[in-house]
Protein chains: 2
Amino acid sequence: MKIGELADRTGVTTKTVRYYESIGLLAEPERTASGYRDYDTDAVERLCFVRDAQATGLSLAEIASVLELKAAGSTSCSHTAALLERHLVDLDEQIARLHQAREDLAVLAERAVALDPSSCTDPNRCQVIASAAG
Amino acid sequence: MKIGELADRTGVTTKTVRYYESIGLLAEPERTASGYRDYDTDAVERLCFVRDAQATGLSLAEIASVLELKAAGSTSCSHTAALLERHLVDLDEQIARLHQAREDLAVLAERAVALDPSSCTDPNRCQVIASAAG
DNA sequence: GTAGACATTCCAGTCGGCTGGAAGATCGGG
DNA sequence: CCCGATCTTCCAGCCGACTGGAATGTCTAC
């Protein structure tokens, strides 16, 4: 199968496929006599795996490290497991930070509605936000 | 005050100050006879405002839009309020997405521990993640 | 034989928020 | 008078994950 079909089957663009190959995420495929990339069904599987892994929030670099370990013959999922664990921690931190930001923002938004607009005249700041600086 | 002092007072680098000026976030200051930037205390205030606004999660572009409206003589905080409201919605969506990702990831992490490592031999994928693709 | 739908390579650009470094001017202290 | 800190400008690069486009080659159908 040529690159266009692979792309269609996996829901990415041909650009993305070549990009993944360029960063070592996909192996270089066979070539037809005329130089076109010629993929087998394993490529579909592997590319789907990349997208699935990406959907779980792993970076392409992390996915590459999983695939490299696999390619090196590792039969253990412990690397993946460790990666997932660490990512889980990251995610929790990120969520906590966003929650905090959300709370801060909600306070400001409320204040914005309540404030007297005519008292907000300083061209260098906005009292809505300035009032949060304390 | 020169750029270094302004930077120190506001906790940013001189690089950042010049960058903010270059994108129109800070007005061009007076210059000394020798060409050095010469700031007044308003600049400190304005730069602090930028950092405060940034801390609430607004992008520099959004902050610029608030400042522009102010500069244009708007005495209403409604633009800021609208901006905050929209940002609040964005934030909620982002949090929801992260929560979903976290749940998905937690399932995978659990599975990674439970799976039989010796059955994970396909070099193109990892059963931990492959099992989530359904 | 020709249109147009695919493929190839390579280089550059996007987003946001800076950061690094070179080459030169200027300032303050000993 | 010189050292070193600070300032100036400008250009380039970083992160991640692509995306756009030019110039060119190839395949398929009519």
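Just so it is clear: chains get the letters A, B, ... in the order the sequence lines come, proteins before strands, and each one is counted from 1.
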Let me know the distance between [atom1] of [X] and [atom2] of [N], rounded to the nearest Å.
{"X": "A/L58", "N": "D/dG16", "atom1": "CG", "atom2": "P", "result": "14 Å"}
{"X": "A/Y20", "N": "D/dC18", "atom1": "OH", "atom2": "C1'", "result": "8 Å"}
{"X": "A/E28", "N": "C/dA7", "atom1": "CD", "atom2": "C1'", "result": "16 Å"}
{"X": "A/K15", "N": "D/dG16", "atom1": "NZ", "atom2": "P", "result": "21 Å"}
{"X": "A/D38", "N": "D/dT26", "atom1": "CG", "atom2": "P", "result": "16 Å"}
{"X": "B/L26", "N": "C/dG17", "atom1": "CG", "atom2": "C1'", "result": "14 Å"}
{"X": "A/Y36", "N": "C/dA7", "atom1": "OH", "atom2": "C1'", "result": "4 Å"}
{"X": "B/L6", "N": "D/dT8", "atom1": "CG", "atom2": "P", "result": "11 Å"}

What contact category does [X] fall into here, base, sugar-phosphate, or nothing, at under 4.0 angstrom with non-hydrogen atoms?
{"X": "B/R18", "value": "base"}
{"X": "A/Q54", "value": "sugar-phosphate"}
{"X": "A/I3", "value": "sugar-phosphate"}
{"X": "B/T13", "value": "sugar-phosphate"}

Item to check | Under 3.5 Å donor-acceptor, A/E62 side chain and A/S59 backbone | outcome: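 Yes.
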
Next on the checklist: Determine whether a donor-acceptor pair (N or O, by modelled atom type, separation under 3.5 Å) exists between the side chain of A/T10 and the backbone of A/L6.
Outcome noted: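 Yes, A/T10 side chain to A/L6 backbone: donor-acceptor pair under 3.5 Å.
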
Checklist entry - Is there a donor in the side chain of A/D104 and an acceptor in the side chain of A/Q100, or the other way round, less than 3.5 Å apart? => result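 There is such a pair between these side chains.
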
Checklist entry - Counting only side-chain N and O atoms of B/R37, is one of them less than 4.0 Å from OP1 or OP2 of D/dT8? => result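 It does, given that an N or O in the side chain of B/R37 lies less than 4.0 Å from OP1 or OP2 of D/dT8.
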
Checklist entry - Counting just side-chain N and O atoms, does A/R31 come under 4.0 Å of either OP1 or OP2 of C/dT9? => result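 For C/dT9, OP1 or OP2 has a side-chain N or O of A/R31 closer than 4.0 Å.
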
Item to check | Option from A/E30, A/M1, A/E21, A/K2 for which side-chain contact (heavy atoms from CB on, under 4.5 Å) with A/R37 holds | outcome: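 Checked A/E30, A/M1, A/E21, A/K2 against A/R37; only one passes side-chain contact (heavy atoms from CB on, under 4.5 Å): A/E21.
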
Checklist entry - Between B/T32 and A/Y39, who's closer to the 5' end of DNA chain C by nearest nucleotide? => result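 Here A/Y39 is the residue nearer the 5' end.
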
Item to check | B/R102/A/D92 salt bridge by N-O under 4.0 Å criterion | outcome: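 Yes, this pair counts.
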
Next on the checklist: Quick check on DNA chain D: between A/S34 and A/T16, whose nearest nucleotide comes earlier from the 5' end?
Outcome noted: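 Nearest nucleotide further toward 5': that of A/T16.
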
Checklist entry - Of all the nucleotides listed (C/dT19, D/dA17, D/dT9), which has the minimum atom distance to the side chain of A/Y19? => result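 When the side chain of A/Y19 is considered, D/dA17 is the closest of C/dT19, D/dA17, D/dT9.
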
